[in-house]
Amino acid sequence: LFAEAGVQTKGNKRNQVLKIGHGGTLDSAATGVLVVGIGKGTKMLGTMLAGSKKYTAIGMLGKATDTLDATGKVTEEKPYDQVTKGDLENVLQKFTGDIMQVPPLYSALKKDGERLSTLMKRGEAVEAKPARPVRVYSLSLQHFQPPLFTLDVECGGGFYVRSLVNDIGKELSTCASVQELTRTKQGPFTLEEHALHEDKWTIDEIAQSLEHCTALLLGEPARKKLKTEHPGETAVVCE
């Protein structure tokens, strides 16, 4: 990586460590924005990503799974013909603002140092975590074509869209699961403006992307840190 970037290195290469970290996991089947910190940029992620996240989710009425999304095994099926667009829009109001939410069993949350999802896949018994407070800044219905419906969600940290869709299904006296999930915003970074598509993962394209992101970050609370960090150690958004 150093050689490709044209960076001159000295000494024992085995002692040269390049730290890389990300600003929050995505569901295995999800797509969208994932902010990655490189070098000292890993220490900036917490401050940089303190804002809200946005998602676009496609849910399916009438079908529940053990993972709460399309990757899991179907655990329940119920009729959904009685659900109208108005019903769904009214229910969304109950899930806006400060609410309590139970995290899904298949998640990155840990028990005894291991992810719950890992324990579940091994067939071990896992108890659901208690409901915890989360914040939903906005929640709107974009499309409704039963059994499918599309939501736009803006939320705070620790929020699970899969749990939201599952809870919406129960509130409508049926069941529901996520079919597609895309993170469109994380902190100041958006999918439309800042994501670097995989076919552009070259040194030149990444460098240009970093220049664009640096201008954005200078307006964020991380400004003081940016002035003291090496210009090559910052953050980039990947898709």
- Message: Would you say that Leu164 contacts Phe159 through its side chain, given a criterion of any heavy-atom pair below 4.5 Å between the two side chains?
- Response: yes

- Query: Between Leu88 and Ile99, is there a shared hydrophobic cluster once you connect ILVMFWY residues whose side-chain heavy atoms come closer than 4.5 Å?
  - Reply: yes

- Using the side-chain contact (heavy atoms from CB on, under 4.5 Å) rule, take Ser177 and Leu68 through it: C-alpha gap first, then chi angles, then the decisive distance, then the call. CA-CA 5 Å; Ser177 54; Leu68 309 187; 5.6 Å; no

- Message: I'd like to check Thr174 versus Gln82 (side-chain heavy atoms, cut-off strictly below 4.5 Å). Are they in contact?
- Response: yes

- Message: Any non-hydrogen side-chain atom of Thr56 less than 4.5 Å from a side-chain atom of Leu151?
- Response: no

- Please round to the nearest 0.5 Å and tell me the distance separating atom NZ of Lys54 and atom OG1 of Thr190. 9.0 Å

- Applying the 4.5 Å side-chain criterion to the ILVMFWY set and letting contacts propagate, would Ile58 and Val165 be lumped into a single cluster? no

- Query: Any side-chain donor paired with an acceptor under 3.5 Å for Gln101 and Ser163?
  - Reply: no

- Task: Please check if Leu139 and Val161 belong to a single hydrophobic cluster, counting links between Ile, Leu, Val, Met, Phe, Trp and Tyr side chain heavy atoms closer than 4.5 Å.
- Result: yes

- Note on the structure: Nearest heavy-atom approach of Arg132 to Tyr160 is NH2-CE1, 3.3 Å

- Message: Any side-chain to backbone donor/acceptor pair from Gln186 onto Leu49? Under 3.5 Å, distance only.
- Response: no

- Note on the structure: Between Leu181 and Ala57, the two heavy atoms sitting closest are CD1-CB, 3.8 Å

- Taking C-beta and beyond as the side chain, do Leu148 and Gln179 meet within less than 4.5 Å on heavy atoms? yes

- Query: What closest approach, in Å, do Cys175 and Lys78 show between heavy atoms, and which atom pair accounts for it?
  - Reply: SG-N, 3.8 Å

- Atom pair CD (Glu193) and CG (Leu191), whose distance is rounded to the nearest 0.5 Å: 10.5 Å

- Write down the atom of His143, the atom of Leu141, and the distance for their closest heavy-atom approach. O-CD1, 3.3 Å

- Does the Thr42 side chain pair with the main chain of Gly21, one donor and one acceptor, at a distance under 3.5 Å? no

- For Asp87 and Thr84, does a side-chain donor sit closer than 3.5 Å to a side-chain acceptor? yes

- Message: Under 4.5 Å between side-chain heavy atoms, counting indirect links through other Ile/Leu/Val/Met/Phe/Trp/Tyr residues: same cluster for Phe149 and Val136 or not?
- Response: yes

- Item | Lys53/Glu154 ion pair, N-O < 4.0 Å | no

- Is a side-chain donor-acceptor pair under 3.5 Å present for Thr67 with Asp69? yes

- Item | Heavy-atom pair with the smallest gap, counting every atom of Ala29 and Thr71 | CB-CG2, 3.5 Å

- Query: Can you find a side-chain donor-acceptor pair between Thr182 and Glu180 that sits under 3.5 Å?
  - Reply: no

- Message: Measuring only between side-chain heavy atoms, which start at C-beta, is Asp167 closer than 4.5 Å to Glu171?
- Response: no

- Does CD belonging to Gln145 count more than 12 external heavy atoms closer than 6.0 Å? no

- Heavy-atom side-chain contact between Asp27 and Arg162 under 4.5 Å: yes

- Has the side chain of Arg183 got a donor or acceptor atom that lies under 3.5 Å from a matching backbone atom of Val33? yes

- Task: Please answer whether the main-chain N or O of Cys155 pairs with a side-chain N or O of Ser52 as donor and acceptor at a distance below 3.5 Å.
- Result: no

- Item | Euclidean distance, Phe189 CZ relative to Leu34 CG, rounded to 0.5 Å | 11.5 Å

- Task: Specify the closest pair of heavy atoms between Asp66 and Gly72, including all atoms of both residues, with the distance to one decimal.
- Result: OD1-CA, 3.2 Å

- Task: Find out whether Glu192 and Thr184 are in side-chain contact, i.e. whether some heavy atom of one side chain is under 4.5 Å from a heavy atom of the other.
- Result: no

- Message: In the structure I gave you, are the side-chain heavy atoms of Leu45 and Val35 within less than 4.5 Å of one another anywhere?
- Response: yes

- Item | Under 3.5 Å: donor-acceptor pair, side chain of Lys73, backbone of Thr75 | no

- Message: Are Leu92 and Tyr80 connected into the same hydrophobic cluster when the rule is that any two of I, L, V, M, F, W, Y join if their side-chain heavy atoms are below 4.5 Å apart?
- Response: yes

